[in-house]
Amino acid sequence: MQPNSCSEINLFILSEDTVTLAGLEAIIDQDDNVSLIGQAVDGANGMRCLEKSELHPHVIIIGEPPSKRSICENVQHIFSKYRHEKSRPKMIVVSQNDDDDVIVAALRSGVNGYLARVGSSEELLQSIQIVAKGGAAFSPTIAARFSRYFSTIRSLPVLTGFSDLTSRELEILELLAAGLGNQQIARRLFLAEKTVRNYVSRIFVKLEVHDRASAAVRARDAGFGGQSDSSCAEGHESDGEAPAAQEFGRREDRALVLVEDARAEIRRNGVTSGS
């Protein structure tokens with residue numbers, strides 16, 4: 001349920017940075033129309049606090065997340081908790097990090113606003129009001145960047161389905177994104193290879209992709225695959241695959257997805273080749 005113009009906005013803050021948490025609380029205290037119903041330092045604690053709260057948050061701020069992976073995991077926790085609710089809380093990321101890949105990953109995961117280097121208390125409070133009513137809020141520099149971005153790129157592939165994945169499917173997707181094959185994943189998780197194949201098939205359906213390459217690229221864009229630098233590299237070495245070959249495979253995966261997206265764009269627009 002969205003608050004009307006006269007009602008209080010219930011706000012929850014999730015931040016691993018205690019300084020950021022204190023600063024956000026100080027700003028929220030300035031607005032009588034925003035009620036801080038709780039705060040937590042990580043996703044797991046946040047979910048426990050929300051479960052104990054009798055009040056439904058209209059807006060959740062994710063403050064100064066350490067990585068885009070952290071953003072996606074927190075959004076996943078929130079979506080999972082409120083998946084059966086008629087109205088999910090809106091989410092705003094407040095961060096000093098304004099890298100394009102982080103912002104795009106946050107938006108694809110489902111956040112409703114991204115504020116980088118908040119310039120004033122009014123900017124934050126106004127953004128909370130906008131998002132609570134169903135709008136989207138961005139820092140002026142990010143909004144200007146979007147204008148340039150969308151003038152050169154007609155569409156972005158949407159990463160759907162992450163909120164529907166089970167914990168086991170997320171675990172397998174992490175390894176898939178890191179470049180492991182079904183046999184390697186099966187050994188890593190002590191599962192039968194057939195069981196892994198079944199999980200991978202369900203992941204494809206939920207992410208609305210048709211092949212392993214598409215799933216891997218979209219998962220990496222959302223921050224998965226972080227184990228590839230250490231533990232997963234060990235798995236590749238056991239199969240005799242050199243790091244250079246792994247990198248070539250990743251680039252090949254991305255090229256395949258770009259071709260797939262281009263074909264989908266042609267189908268959506270009804271473009272046919274001339275005779």
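Hydrogens, waters and symmetry mates are skipped; everything else that's a heavy atom, side chains included, is used. Along the sequence shown, residues are numbered consecutively beginning with 1.
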Legend entry - Linked, directly or transitively: Val111 and Ile130 (ILVMFWY side chains, under 4.5 Å): no
Legend entry - Contact list for residues 22-38, test salt bridge (charged side-chain N to carboxylate O under 4.0 Å, His left out), sequence neighbours left out: none
Legend entry - Non-neighbouring partners of Thr195 that pass side-chain hydrogen bond (donor to acceptor under 3.5 Å, both in side chains), sequence neighbours left out: none
Inset, instruction - For Asn10, enumerate each residue passing the side-chain hydrogen bond (donor to acceptor under 3.5 Å, both in side chains) test, keeping only those at least two apart in sequence or located in another chain. - result: none
Inset, instruction - Kindly work out whether a path of hydrophobic side-chain contacts (I/L/V/M/F/W/Y, heavy atoms less than 4.5 Å apart) joins Leu189 to Leu165. - result: yes
Legend entry - Distance, nearest 0.5 Å, that separates CD of Glu169 from CG of Leu176: 12.0 Å
Inset, instruction - Of all the heavy-atom pairs spanning Pro140 and Glu123, show the shortest one and how long it is. - result: CD-OE2, 3.8 Å
Legend entry - Residue list, side chain to side chain contact (heavy atoms under 4.5 Å, CB included) with Pro66, at least two apart or on another chain: Glu16, Ser70
Inset, instruction - Kindly indicate whether the side chain of Arg145, heavy atoms from C-beta on, has any atom under 4.5 Å from the side chain of Phe138. - result: no
Inset, instruction - Evaluate whether atom CD of Gln126 has more than 12 neighbouring non-hydrogen atoms of other residues, nucleotides or ligands under 6.0 angstrom away. - result: no
Legend entry - Which residues share a side-chain hydrogen bond (donor to acceptor under 3.5 Å, both in side chains) with Ser139, sequence neighbours left out: none
Inset, instruction - Check whether any side-chain heavy atom of Gln39 sits under 4.5 Å from a side-chain heavy atom of Leu24, and report yes or no. - result: no
Legend entry - Qualifying residues under salt bridge (charged side-chain N to carboxylate O under 4.0 Å, His left out), relative to Glu73, sequence neighbours excluded: Arg69
Inset, instruction - Answer with yes or no whether the side chains of Asn112 and Arg88 bring together a donor and an acceptor at under 3.5 Å. - result: no
